[in-house]
Peer 1: 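Shown below is the structure under consideration.
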Amino acid sequence: MTHPIPPIDATLLGRLLEVIEHDIVPATRRGVLRGNKVFGAALLHKSDLSVVVAETNNEVENPLWHGEMHCLKRFYERAPETRPETSDLIFLSTHEPCSLCLSAITWAGFDNFFYLFSHIDSRDSFAIPHDLRILQEVFGVPPGGYKSANAFWQSWSIPKEVAKLPSADHARLSERMTQIEEAYANLSAVYQSHKVYSAIPLA
């Protein structure tokens with residue numbers, strides 16, 4: 001039986017932030033030192049919010065291995081008998097997925113995804129404008145112009161959902177997001193300082 005998405009409350013949002021901080025960030029730290037971007041992703045069981053796989057960008061190996069794509073690669077390398085149905089999973093992305101990753105999430109059969117940083121953040125805070133440029137130049141879609149709820153999936157911005165919480169939960173999770181944002185700012189500084197040496201086509 002396909003599991004529904006859990007209620008989008010402080011428990012779920014706190015768990016998503018925990019996975020970013022404790023599962024994705026350490027992998028990203030190692031990846032950035034190899035020359036990769038700061039994007040990462042994880043898959044969680046809807047039923048108990050346990051992590052199935054957490055990964056980070058690996059564009060130094062293959063320019064298609066964005067954080068989400070590399071996460072899916074690792075997921076599908078598992079034996080079929082040990083691999084959950086994608087309809088039973090939550091897709092968590094540190095950054096709002098680009099057009100490539102949006103398509104991959106769709107083709108893989110996920111009915112949801114959550115993200116922490118927006119496309120605008122990727123451009124303005126991380127100096128990586130390619131997601132927005134491709135959406136605008138190839139598809140003619142303005143920032144935020146794709147459908148966040150459609151026949152395939154629904155997506156949620158973690159900060160926007162945190163903003164809806166009662167004040168105590170909002171304050172607690174906002175503080176946690178600030179700590180994660182600081183960690184990513186440090187990772188981004190490392191990536192930006194080394195990307196001049198990168199062979200990634202869109203560094």
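Just so you know, these numbers come straight off a predicted model, no measurement behind them.
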Peer 1: Donor-acceptor pair, R83 side chain versus R78 backbone, under 3.5 Å?
Peer 2: yes
Peer 1: Got R176 and E18 here, is their nearest side-chain heavy-atom distance under 4.5 Å?
Peer 2: yes
Peer 1: Mark yes when over 12 heavy atoms from residues, nucleotides or ligands other than E85 sit less than 6.0 Å from its CD; otherwise mark no.
Peer 2: no
Peer 1: Check whether F152 and L72 end up in the same hydrophobic cluster, where Ile, Leu, Val, Met, Phe, Trp and Tyr are linked by side-chain heavy atoms less than 4.5 Å apart.
Peer 2: yes
Peer 1: Report yes if some heavy atom in the side chain of P84 is under 4.5 Å from a heavy atom in the side chain of H45; otherwise report no.
Peer 2: yes
Peer 1: Using side-chain heavy atoms (C-beta onward) and a distance below 4.5 Å, is H119 in contact with L135?
Peer 2: yes
Peer 1: I'd like to know if K46 pairs up with D111 as an ion pair, taking the criterion as any Lys NZ or Arg NE/NH1/NH2 lying under 4.0 Å from an Asp or Glu carboxylate oxygen.
Peer 2: yes
Peer 1: Give a yes or no on whether the backbone of F39 and the side-chain of T56 come within a donor-acceptor separation of less than 3.5 Å.
Peer 2: yes
Peer 1: Which value, rounded to the nearest 0.5 Å, describes the distance between I24 atom CD1 and S93 atom OG?
Peer 2: 7.5 Å
Peer 1: Where do T178 and E182 land on the side-chain contact (heavy atoms from CB on, under 4.5 Å) test, with the steps shown first?
Peer 2: CA-CA 6 Å; T178 297; E182 290 172 354; 3.9 Å; yes
Peer 1: Quick one: CG on L116 to CD1 on I20, what's the gap to the nearest 0.5 Å?
Peer 2: 4.5 Å
Peer 1: Is V162 linked to L12 within one hydrophobic cluster, defined over Ile, Leu, Val, Met, Phe, Trp and Tyr using a side-chain heavy-atom separation of less than 4.5 Å?
Peer 2: yes
Peer 1: Below 30° counts as parallel, above 60° as perpendicular, anything between as tilted: where do the rings of W156 and F114 land?
Peer 2: parallel
Peer 1: For R172, look at atom CZ and say whether over 12 heavy atoms of other residues, nucleotides or ligands are found less than 6.0 Å away.
Peer 2: yes
Peer 1: Walk me through whether H130 and L202 qualify under side-chain contact (heavy atoms from CB on, under 4.5 Å).
Peer 2: CA-CA 7 Å; H130 314 304; L202 295 178; 3.8 Å; yes
Peer 1: Atom CZ of F110 and atom CD of E68: how far apart are they, to the nearest 0.5 Å?
Peer 2: 11.0 Å
Peer 1: What's the separation between atom CZ in F126 and atom OG in S188, rounded to the nearest 0.5 Å?
Peer 2: 6.0 Å
Peer 1: Measure the shortest side-chain to side-chain distance between L44 and R15 over non-hydrogen atoms and say whether it is less than 4.5 angstrom.
Peer 2: yes
Peer 1: Will you find, in the side chains of N58 and R34, an N or O donor that is under 3.5 Å from an N or O acceptor?
Peer 2: yes
Peer 1: Rounded to the nearest 0.5 Å, what separation is found between the CD1 atom of I105 and the CG atom of N112?
Peer 2: 9.0 Å
Peer 1: Answer yes if W107 and M69 sit in the same cluster of Ile, Leu, Val, Met, Phe, Trp and Tyr residues linked by side chain heavy atoms under 4.5 Å apart, and no otherwise.
Peer 2: no
Peer 1: What verdict does the side-chain contact (heavy atoms from CB on, under 4.5 Å) test give for S99 and D131, after you've listed the backbone C-alpha separation in whole Å, the side-chain angles of each residue and the deciding distance to 0.1 Å?
Peer 2: CA-CA 7 Å; S99 53; D131 299 350; over 6 Å; no
Peer 1: Counting the benzene-type ring for Trp, do H95 and Y184 have ring centres under 6.0 Å apart?
Peer 2: yes
Peer 1: So L92 and F113, do their side chains get closer than 4.5 Å, heavy atoms only?
Peer 2: no
Peer 1: Kindly indicate, with the supporting measurements, whether the criterion side-chain contact (heavy atoms from CB on, under 4.5 Å) is fulfilled by W65 and N57.
Peer 2: CA-CA 6 Å; W65 296 154; N57 185 287; over 6 Å; no
Peer 1: What heavy-atom pair brings L17 and I180 nearest, and what distance separates the two atoms?
Peer 2: O-CD1, 3.5 Å
Peer 1: If you take all heavy atoms of I90 and P6, which pair is closest and at what distance?
Peer 2: CD1-CD, 3.9 Å
Peer 1: Do Y146 and E96 meet the criterion of a side-chain donor-acceptor pair at a distance under 3.5 Å?
Peer 2: yes
Peer 1: What pair of heavy atoms forms the shortest contact from A127 to K195, and how long is it?
Peer 2: O-NZ, 3.7 Å
Peer 1: What closest approach, in Å, do L102 and P97 show between heavy atoms, and which atom pair accounts for it?
Peer 2: CG-O, 3.7 Å
Peer 1: State plainly whether one hydrophobic cluster holds both L100 and L43, where clusters connect Ile, Leu, Val, Met, Phe, Trp and Tyr through side-chain heavy atoms under 4.5 angstrom apart.
Peer 2: no
Peer 1: Rounded at 0.5 Å granularity, tell me how far CG in N150 sits from OG1 in T106.
Peer 2: 6.5 Å
Peer 1: Which heavy-atom pair separates P129 from R123 by the least distance, and what is that distance?
Peer 2: CB-CG, 3.8 Å
Peer 1: Side-chain heavy atoms under 4.5 angstrom apart, residues restricted to Ile, Leu, Val, Met, Phe, Trp, Tyr: same cluster for L49 and I8?
Peer 2: yes
Peer 1: Per the salt bridge (charged side-chain N to carboxylate O under 4.0 Å, His left out) rule, what does the pair list look like for residues 53-63, sequence neighbours excluded?
Peer 2: K37-E59, E55-R74
Peer 1: Backbone N or O of V60 within a donor-acceptor pair of the N36 side chain at under 3.5 Å?
Peer 2: yes
Peer 1: Side chain of S125, backbone of S122: donor and acceptor closer than 3.5 Å?
Peer 2: no
Peer 1: For L173 and G14, which heavy atoms make the closest approach, and how far apart are they?
Peer 2: CD2-CA, 3.8 Å
